[in-house]
Protein chains: 2
Amino acid sequence: MTNGEATAPRTLWDRSRQLASREILEAALRLFGEQGYEATTVAQIAHEAGVSQRTLFRYFGTKEDLLGGDPDRFVRALTAAIDELPADAGPWEALRTGIAAALELHESRHQALQRFRVLYATPSLRAGWLEKQLRFHERALPLIASRLHGSPGDADLMARAMIATAFACLDVAAKAWVDRNGKGEILDLYDRCVSAART
Amino acid sequence: MTNGEATAPRTLWDRSRQLASREILEAALRLFGEQGYEATTVAQIAHEAGVSQRTLFRYFGTKEDLLGGDPDRFVRALTAAIDELPADAGPWEALRTGIAAALELHESRHQALQRFRVLYATPSLRAGWLEKQLRFHERALPLIASRLHGSPGDADLMARAMIATAFACLDVAAKAWVDRNGKGEILDLYDRCVSAART
DNA sequence: CGCAGGTTGGCAGTGACTGTCAGGATGACG
DNA sequence: CGTCATCCTGACAGTCACTGCCAACCTGCG
C-alpha cells in the first residue's frame with residue numbers, strides 16, 4: 001500500500017508532468033471499468049484527460065502501459081526485497097518475499113482490484129502482463145540461482161523452473177482473488193497454490 | 001511427429017484451400033526466419049504466397065496464427081490423451097501425458113525448432129503464445145480437478161495451480177531446448193523442470 | 001446449360017503507434 | 001527584467017494489423 005517514492009517535484013514542469021500523468025491514468029482506468037478495455041479508444045482517453053493523443057503516447061508508450069504502470073518499479077521492489085534476505089534463505093522463501101514486496105506497490109486495495117479486474121477480463125491484456133513477467137524472470141534469475149545447492153550444471157534450468165512456477169502461482173492466485181471480489185489476501189492464495197504445485 | 005488428421009480432400013475447393021494454406025504458411029515461416037517476425041509485413045507474406053492480403057486473413061485470423069497454427073488441434077490432442085488415461089492416474093502424470101501428446105503434433109523436429117526459435121526471439125509473440133496456453137488451462141481444468149483427492153473446496157484452486165505450473169515448466173523447457181539448438185528432448189527438460197519446481 | 005453457394009480480391013475505414021516539426025511555456029543567466 | 005537555450009506540446013502525415021463490404025468469379029449439382 002505504501003509506495004516508496006515520494007519524490008518532491010522541484011520544478012513546475014515536474015509538477016504538471018505528474019498531474020497530467022495522473023489525470024490520464026484516472027481517465028483510462030475509469031473508462032476501462034465503464035466500457036471495457038477494447039471498447040475504449042486511446043483518442044477517447046486523451047480527450048477526457050485533456051491532452052493530445054501524441055502526448056498520451058509520450059507518457060505511456062502503449063495502451064497496455066495505462067494499466068500496468070511502470071514495470072521497472074516492480075522489478076526494483078522485487079529485487080531489492082530479495083537482496084535484503086540473508087544468504088541462507090532458500091529460493092522459495094526468496095521468491096515469496098519478492099512477490100510480496102511487488103504486491104505492496106499498489107496504491108490501495110481498491111485500485112489493485114480494479115486493475116486486476118480489467119486485466120483478467122481482457123485476454124490480450126493478460127498476455128501482455130505475462131510478457132512483462134518474463135522480464136521479472138530474467139532479473140530474478142541470478143538472485144535465485146545463487147540460492148541453489150544442487151548440481152551447478154542444472155542450476156540455471158532449475159532456477160528458471162522455480163521462478164516460472166512462482167509467477168504462474170501468482171497469476172492463478174490473483175485471478176482467484178478477483179473471482180472472490182477481493183476477499184482475503186492474495187498472498188494466502190499464493191501460498192496455497194505453491195503448496196499445491198509442490199505436492 | 002505424426003499429425004493425426006489425414007483427411008482426404010474430396011473436392012477441388014478443399015484441395016486448393018489446403019494448398020493455399022500451406023503456401024502461405026511456408027512463405028511466412030521462411031520470411032520470419034530470414035528477417036524476423038516484426039520486420040515482416042503481412043502484405044509481404046501475401047505477395048510471396050500469391051494471394052491477396054484479405055484472403056490471408058481469411059485463412060489465418062491474425063498474424064500470430066501464422067506461427068501457432070490451429071490452437072484447437074492442440075487442445076484436442078491434449079484432452080484426448082488425458083481422457084484415455086486410467087482413472088487412478090495422478091494429476092501430474094495426466095499433465096505430462098497431455099503435454100507429450102501436444103508436442104507430438106509438430107510435423108518435424110526441424111519445423112518445431114524453427115517455430116520455437118521465432119517464438120522466443122519475439123516478446124510479443126511469446127505473450128500471444130502464453131495467452132493461447134490459458135485456453136488449454138481452462139480445458140484441462142476439469143480433467144485434472146477430478147484426479148485430486150484432497151479437500152474438495154480447494155480442488156479448483158489446486159488444479160489451476162498445478163496446470164499453470166506444468167505449462168510454465170513446458171515454457172521453460174522449450175526455451176532451454178531452443179537455447180541448446182534442439183539438442184535432446186523437450187520432454188526430458190520438462191521432467192527436470194517439474195522435479196525442480198516440486199523440490 | 002444454368003443456378004446456388006462458396007471463394008476471391010480490391011477498397012475504404014478503424015485503431016494503435018511513430019516521426020517530424022513548428023510554436024509555446026519554462027527555467028537559467030546576465 | 002530581458003534573452004536564450006531547453007523542454008514540452010499539439011498537429012499532421014504515415015505505417016501496419018485488421019475488418020466490413022461488394023462485385024466478380026469459380027465450383028459442384030441438377
Side-chain angles (χ1 to χ4, degrees), chain A residues 7-25 27-29 31-32 35-68 71 118 122-129 131-132, chain B residues 7-25 27-29 31-32 35-68 71 118 122-129 131-132:
Chain A
T7 52
R10 283 282 160 255
T11 106
L12 205 169
W13 278 346
D14 289 342
R15 238 175 305 154
S16 48
R17 259 181 101 84
Q18 201 167 322
L19 190 74
S21 171
R22 183 179 291 267
E23 279 191 31
I24 293 171
L25 221 60
L29 270 188
L31 290 171
F32 289 162
Q35 19 172 300
Y37 177 78
E38 319 237 79
T40 306
T41 69
V42 173
Q44 196 180 4
I45 299 170
H47 180 260
E48 294 266 322
V51 298
S52 77
Q53 216 177 113
R54 195 66 189 84
T55 297
L56 187 151
F57 276 116
R58 266 191 274 261
Y59 280 82
F60 303 89
T62 69
K63 190 182 176 186
E64 274 183 16
D65 290 349
L66 287 168
L67 209 77
V118 179
T122 316
S124 72
L125 261 181
R126 197 172 172 187
W129 166 238
E131 183 195 341
K132 267 179 205 144
Chain B
T7 52
R10 285 279 161 258
T11 103
L12 206 168
W13 276 349
D14 289 343
R15 237 175 305 155
S16 50
R17 257 182 102 84
Q18 201 166 323
L19 190 74
S21 170
R22 183 178 292 268
E23 280 190 32
I24 293 171
L25 221 60
L29 269 190
L31 290 171
F32 288 163
Q35 23 174 300
Y37 177 79
E38 318 238 79
T40 305
T41 68
V42 173
Q44 197 180 2
I45 300 170
H47 181 260
E48 294 265 324
V51 297
S52 77
Q53 216 177 116
R54 195 67 190 81
T55 298
L56 188 151
F57 276 116
R58 266 191 274 261
Y59 280 82
F60 303 89
T62 69
K63 190 183 178 187
E64 273 184 17
D65 291 348
L66 287 167
L67 209 77
V118 179
T122 315
S124 71
L125 262 181
R126 198 171 173 189
W129 166 238
E131 182 193 341
K132 267 177 205 144

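Just so it is clear, the model here is predicted, and its values are computed rather than measured. Chain identifiers are assigned alphabetically (A, B, ...) following the order of the sequence lines, protein sequences preceding nucleic acid strands; residue numbering begins at 1 within each chain.
In this structure the side chain of B/R17 reaches within 4.5 angstrom of the side chain of B/Y59, judged on heavy atoms. Counting heavy atoms from C-beta outward, A/R126 and A/T122 have side chains that stay 4.5 Å or more apart. Considering only heavy atoms from C-beta on, B/F57 stays 4.5 Å or farther from B/T62 through its side chain. For the pair A/Q44/A/Q35, a side-chain contact is recorded, criterion being any heavy-atom separation below 4.5 Å from C-beta on. For the pair B/F60 and B/L25, the minimum side-chain heavy-atom distance is below 4.5 Å.
Seen from the ring of A/Y37, A/K63 counts as a face-on cation partner, given the 6.0 Å and 45° thresholds.
Within 6.0 Å of CZ in B/R58 there are more than 12 heavy atoms belonging to other residues, nucleotides or ligands.
Following rounding to the nearest Å, A/F60 (CZ) and D/dT9 (C1') show an atom-to-atom distance of 16 Å. Between the P atom of C/dT26 and the CG atom of A/L19 lies a distance of 13 Å, rounded to the nearest Å. Taking atom CG on B/L56 and atom P on D/dT19, their separation rounds to 12 Å, with Å as the unit. Distance A/L66 CG to C/dC17 C1': 13 Å, rounded to the nearest Å. The separation between A/K63 atom NZ and D/dA17 atom P is 18 Å, rounded to whole Å.
The phosphate of C/dT7 (OP1 or OP2) has no side-chain N or O of B/Y59 nearer than 4.0 angstrom.
With C/dT18, D/dC18, C/dT8 as the candidates, the nucleotide lying closest to the side chain of A/F57 is C/dT18.
You'll find a donor-acceptor pair under 3.5 Å spanning the side chain of A/R58 and the base of D/dG10, going by distance alone. One N or O donor and one acceptor, one from the side chain of A/R54 and one from the base of C/dG19, sit under 3.5 Å apart.
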ask   = Yes or no on side chain to side chain contact (heavy atoms under 4.5 Å, CB included) for A/H47 and A/Q53, after CA distance, side-chain angles and deciding distance?
value = CA-CA 8 Å; A/H47 180 260; A/Q53 216 177 113; over 6 Å; no
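Heavy-atom distances under 4.0 Å link DNA chain C to B/V51, B/S52 of residues 37-53 of chain B, given in residue order.
Within 4.0 Å of B/T62, counting heavy atoms only, lie sugar-phosphate atoms of the nucleic acid but no base atom.
The C1' atoms of five pairs define one axis at each end of the helix from C/dC1-D/dG30 to C/dG30-D/dC1, and these two axes lie 0° apart (to 10°).
For the pair B/T40 (side chain) and B/G36 (backbone), a donor-acceptor distance under 3.5 Å is present.
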